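In what follows, a structure is listed as structure tokens, so that the remarks can point back to it.
Everything numeric here is computed off the predicted structure, so don't read it as measured data.
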Amino acid sequence: MARSVELSVGERVVRLSNPDKVYFPARGFTKLDLARYYLGVGEGVLRALRDRPTTLERYPDGVEGESFFQKRAPRNLPPWIPTGHISFPSGRSADEICPTEVAAVVWAANLGCLTFHPWPVRRTDTERPDELRVDLDPQPGTDYEDARWAAQRLGELLGELGLTGWPKTSGGRGVHVSVPIEPLWSFTEVRRAAIALARELERRAPERITTAWWKEQRGAKVFVDYNQTARDRTIASAYSVRPRPHAPVSAPLRWEELADARPEDFDLATMPDRYARLGDVHAGMDRLAHRLDSVLELADRDEREHRLEDLPYPPVHPKMPGEPKRVSPSRAKRS
């Protein structure tokens, strides 16, 4: 077993320790396979991560071993990998890595990073998101087909509002849709826009889509997780490998592919071939930057005409002005 190998990545040489260590026993994929995967889709994953503070989801002993999320930049960070200073809801802060070249991705893969979780901001302005991300999460009793159907409805709604969304598989049963926006609004304002989109989808298909934060209220529907736009909430980046036995990846899609694409079509072995044929199908995403005025007008209407208030934040967030009680309906009833 080789103790290490060196990989040439652009102008860098990245040392890979224990390259033969098996990371996905069910498929036999090793650390070297993971690093070569990220080399194969390098410019695509870098497009998703470039200059973004990024949390590393690490599995040093492979997908069957223990794991952890690393938010703070590792102590052995090479000087050529920059960082960005971000603030958590708790009031604490940290410096996270901000990849600017493919070598940074391969370097993180050597640490056992399978999945990259970038913030929706750039290191030059970590207080104003430049992406609105919608997470369509199928609940028990539903599956990927339901999430795909909801994503198509979201695409139609975005088009009506003059916005362009970019869909991808989550690597599991869900679908993510990202909307590039001008970095003019705070996390709170972008979350308010996500809630407005979610509520409009729910109005149009109440039997299939829900905004209910409490699981006991969701039923067999697709949950539009509006809180993925809250500060310190992230989703897996495009091309990230997910920690499941068959090594699926979060696959960027074109809208016309969504009807036929299936999550199991995209994994560590198949994605490089797709990338070699098609390139990064989301390559044009960074050339767009929408305003949120049309969506925030929806939010204004919800508050004015429908008397709708804010929705609960994640548990780690401090209580926010105008936020309803952060207690499940069944627990509130017992109290």
Side-chain angles (χ1 to χ4, degrees), residues 1-49 54-71 73-78 80-81 97 99-118 168-173 234-252 262-280:
M1 180 180 292
R3 297 185 63 180
S4 68
V5 297
E6 291 185 340
L7 299 177
S8 295
V9 190
E11 297 179 354
R12 312 288 180 190
V13 174
V14 178
R15 179 178 174 274
L16 210 67
S17 61
N18 301 313
D20 298 323
K21 179 184 284 188
V22 176
Y23 272 9
F24 293 89
R27 302 287 301 274
F29 296 140
T30 64
K31 179 192 281 192
L32 182 58
D33 292 326
L34 178 71
R36 285 174 172 165
Y37 165 79
Y38 278 123
L39 275 172
V41 299
E43 290 303 318
V45 70
L46 182 61
R47 188 266 314 153
L49 300 177
T54 300
T55 298
L56 309 178
E57 187 177 355
R58 293 177 57 183
Y59 287 76
D61 294 315
V63 72
E64 294 183 355
E66 294 185 2
S67 66
F68 60 97
F69 288 86
Q70 181 153 10
K71 295 187 176 184
R75 292 181 179 178
N76 61 337
L77 186 72
W80 48 268
I81 300 180
I97 75 164
T100 57
E101 49 189 295
V102 176
V105 179
V106 177
W107 176 85
N110 180 56
L111 299 181
C113 179
L114 302 185
T115 307
F116 295 85
H117 296 266
K168 67 182 182 70
T169 66
S170 68
R173 302 188 310 139
T234 58
I235 60 177
S237 78
Y239 301 103
S240 270
V241 179
R242 306 312 310 275
R244 296 180 175 86
H246 60 293
V249 304
S250 181
R262 299 292 179 272
E264 58 270 21
D265 296 337
F266 312 105
D267 61 30
L268 191 149
T270 61
M271 178 55 82
D273 291 337
R274 170 183 166 84
Y275 190 90
R277 287 185 292 106
L278 302 178
D280 179 14

Side-chain heavy atoms of L7 within contact of V13, under 4.5 Å
no
Hey, is R27 close enough to D267 for a salt bridge, meaning N to O under 4.0 Å?
yes
Close side-chain approach of F29 and L34, heavy atoms under 4.5 Å:
no
Between D273 and T270, a side-chain donor and acceptor under 3.5 Å:
no
Side-chain heavy atoms of F116 within contact of V105, under 4.5 Å
yes
Taking the side chain as everything from C-beta on, heavy atoms only, tell me whether S4 gets closer than 4.5 Å to L16.
no
Atom pair NE2/OG1 of H117 and T234 - distance to nearest 0.5 Å:
5.5 Å
Set of side chain to side chain contact (heavy atoms under 4.5 Å, CB included) partners for T100, sequence neighbours left out:
D51, P82, R123
Tightest non-hydrogen contact, residues P243 and T115, listed as CD-OG1, 3.6 Å
Exercise: do K168 and S250 side chains pair donor with acceptor under 3.5 Å:
yes
Within this structure, what is the CZ-CG distance for the pair R3 and D20, rounded to the nearest 0.5 Å?
13.0 Å
Checking K31 side chain against S17 main chain: does a donor-acceptor pair fall under 3.5 Å?
yes
Measure centre to centre between the rings of Y239 and Y38, then say whether the value is under 6.0 Å.
no
Would you mind writing out the side-chain donor-acceptor pairs for residues 60-67 within the sub-3.5 Å range, not counting sequence neighbours?
none

Measure the shortest side-chain to side-chain distance between T30 and P19 over non-hydrogen atoms and say whether it is less than 4.5 angstrom.
no
Going through the checks in order, is the side-chain contact (heavy atoms from CB on, under 4.5 Å) test met by E43 and Y275?
CA-CA 10 Å; E43 290 303 318; Y275 190 90; 3.5 Å; yes
Between E264 and H246, is any side-chain donor less than 3.5 angstrom from a side-chain acceptor?
no
Check whether any side-chain heavy atom of F266 sits under 4.5 Å from a side-chain heavy atom of P248, and report yes or no.
no
Is there side-chain contact between K71 and L56, with heavy atoms separated by less than 4.5 Å?
no
Which pair of heavy atoms, one from Y37 and one from P272, lies closest together, and at what distance?
CD1-CG, 3.6 Å
Among V45, D33, V249, find the residue that satisfies the side chain to side chain contact (heavy atoms under 4.5 Å, CB included) test when tested with V241.
V249
What's the shortest heavy-atom distance between F24 and L114, and which atoms?
CZ-CD1, 3.9 Å
Counting only N and O atoms by type, is there a donor-acceptor contact under 3.5 Å from the side chain of N18 to the main-chain atoms of K21?
no
Any T54 side-chain heavy atom under 4.5 Å of S237 side chain:
no
If every non-hydrogen atom of S170 is compared with every non-hydrogen atom of G172, which pair is closest and at what distance?
OG-N, 3.0 Å
Report the distance from atom CZ of R262 to atom CG of D265, rounding to the nearest 0.5 Å.
7.5 Å
As an exercise, state the distance from CG of L49 to CD of E101, rounded to the nearest 0.5 Å.
12.5 Å
Tell me the closest heavy-atom pair linking R242 and G171, and the distance in Å.
CG-CA, 3.7 Å
Please check: side-chain N/O of R58 versus main-chain N/O of L111, any donor-acceptor pairing under 3.5 Å?
yes
For R244, what residues pass the salt bridge (charged side-chain N to carboxylate O under 4.0 Å, His left out) criterion, not counting sequence neighbours?
none
Okay, side chain of N110, backbone of W107: is any donor-acceptor separation there less than 3.5 Å?
no
P245 and A26: which non-hydrogen atoms are nearest, and at how many Å?
O-CB, 3.8 Å
